[in-house]
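These notes concern the structure reproduced below.
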Amino acid sequence: METSPFSLRRSAGATPLRRGVISRWTGEDGKVVIARVFPSAANYEVARQAFQAQYGGTPEEVDNVGEKAFYISGATGPLQTGTLVAQNGSTPVSVQVMGASGGCRTRY
């Protein structure tokens, strides 16, 4: 039986943190998606600096996703990870896909 890469198992509940709310899903193939809703607009730049330091790269600006957004990719331990951070109004969010095969970037 073929397994869809989108068949995800959600971790037990969203986790409220001082730095936002985090939800995590793990696919049957071991890939992980982490979504975080940050509590304030200031977290957009904090996230940019943190991911830039973690991945050692330069974020790429992304159009047509909220009021502003950036994409950056790199390794999280042994996993290739793509991260999108977007903000609309005063609510920034990040979505990370960990364990993607090949490059994380997909152009449409």
Side-chain angles (χ1 to χ4, degrees):
M1 179 175 178
E2 189 172 83
T3 303
S4 166
F6 301 105
S7 174
L8 299 173
R9 183 178 68 250
R10 189 172 189 282
S11 297
T15 306
L17 298 174
R18 289 180 302 178
R19 294 175 297 196
V21 176
I22 297 177
S23 288
R24 176 182 171 187
W25 295 267
T26 303
E28 293 174 2
D29 58 1
K31 294 177 183 169
V32 177
V33 175
I34 299 172
R36 175 182 285 185
V37 178
F38 294 99
S40 74
N43 291 108
Y44 181 86
E45 286 304 322
V46 171
R48 175 187 290 276
Q49 293 170 7
F51 288 124
Q52 189 170 352
Q54 177 179 348
Y55 298 137
T58 301
E60 174 185 345
E61 300 304 315
V62 177
D63 295 331
N64 302 316
V65 180
E67 294 170 2
K68 58 184 177 179
F70 69 86
Y71 172 84
I72 190 166
S73 65
T76 302
L79 301 176
Q80 185 64 22
T81 303
T83 301
L84 175 73
V85 178
Q87 181 172 325
N88 199 37
S90 63
T91 306
V93 298
S94 69
V95 178
Q96 292 182 282
V97 179
M98 303 170 81
S101 58
C104 289
R105 293 172 108 154
T106 301
R107 293 287 183 195
Y108 49 90

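Just so it is clear, the model here is predicted, and its values are computed rather than measured.
Sorted by first then second residue, the salt bridge (charged side-chain N to carboxylate O under 4.0 Å, His left out) pairs that include residues 84-98, not counting sequence neighbours, number zero.
The structure places NZ of Lys68 at 9.0 Å from CD of Glu61, a figure rounded to the nearest 0.5 Å. Taken from OG1 in Thr83 to OH in Tyr71, the straight-line distance is 7.5 Å, to the nearest 0.5 Å. Atom CD of residue Gln87 and atom CD of residue Glu67 lie 6.5 Å apart, to the nearest 0.5 angstrom.
Partners of Glu45 under the salt bridge (charged side-chain N to carboxylate O under 4.0 Å, His left out) rule, at least two apart in sequence or in another chain, are Arg48.
Shortest non-hydrogen contact noted between Leu84 and Ala69 is CD1-CB, 4.4 Å. In plain terms, the two heavy atoms of Gly57 and Pro59 that are nearest each other are O-CD, 3.9 Å. Between Pro92 and Asn43, the shortest heavy-atom contact is CG-CB, 4.2 Å.
Here Phe70 sits in one hydrophobic cluster together with Tyr44, Phe51, Tyr55, Ile72, Val85; the rule is ILVMFWY side chains under 4.5 Å apart, joined directly or through other members.
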*Report the C-alpha distance between Gln54 and Thr76 in whole Å, list the side-chain angles of each, state the deciding distance to 0.1 Å, and finish with yes or no for side chain to side chain contact (heavy atoms under 4.5 Å, CB included).*
CA-CA 8 Å; Gln54 177 179 348; Thr76 302; 3.6 Å; yes
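The shortest distance between side-chain heavy atoms of Val32 and Arg24 falls below 4.5 Å.
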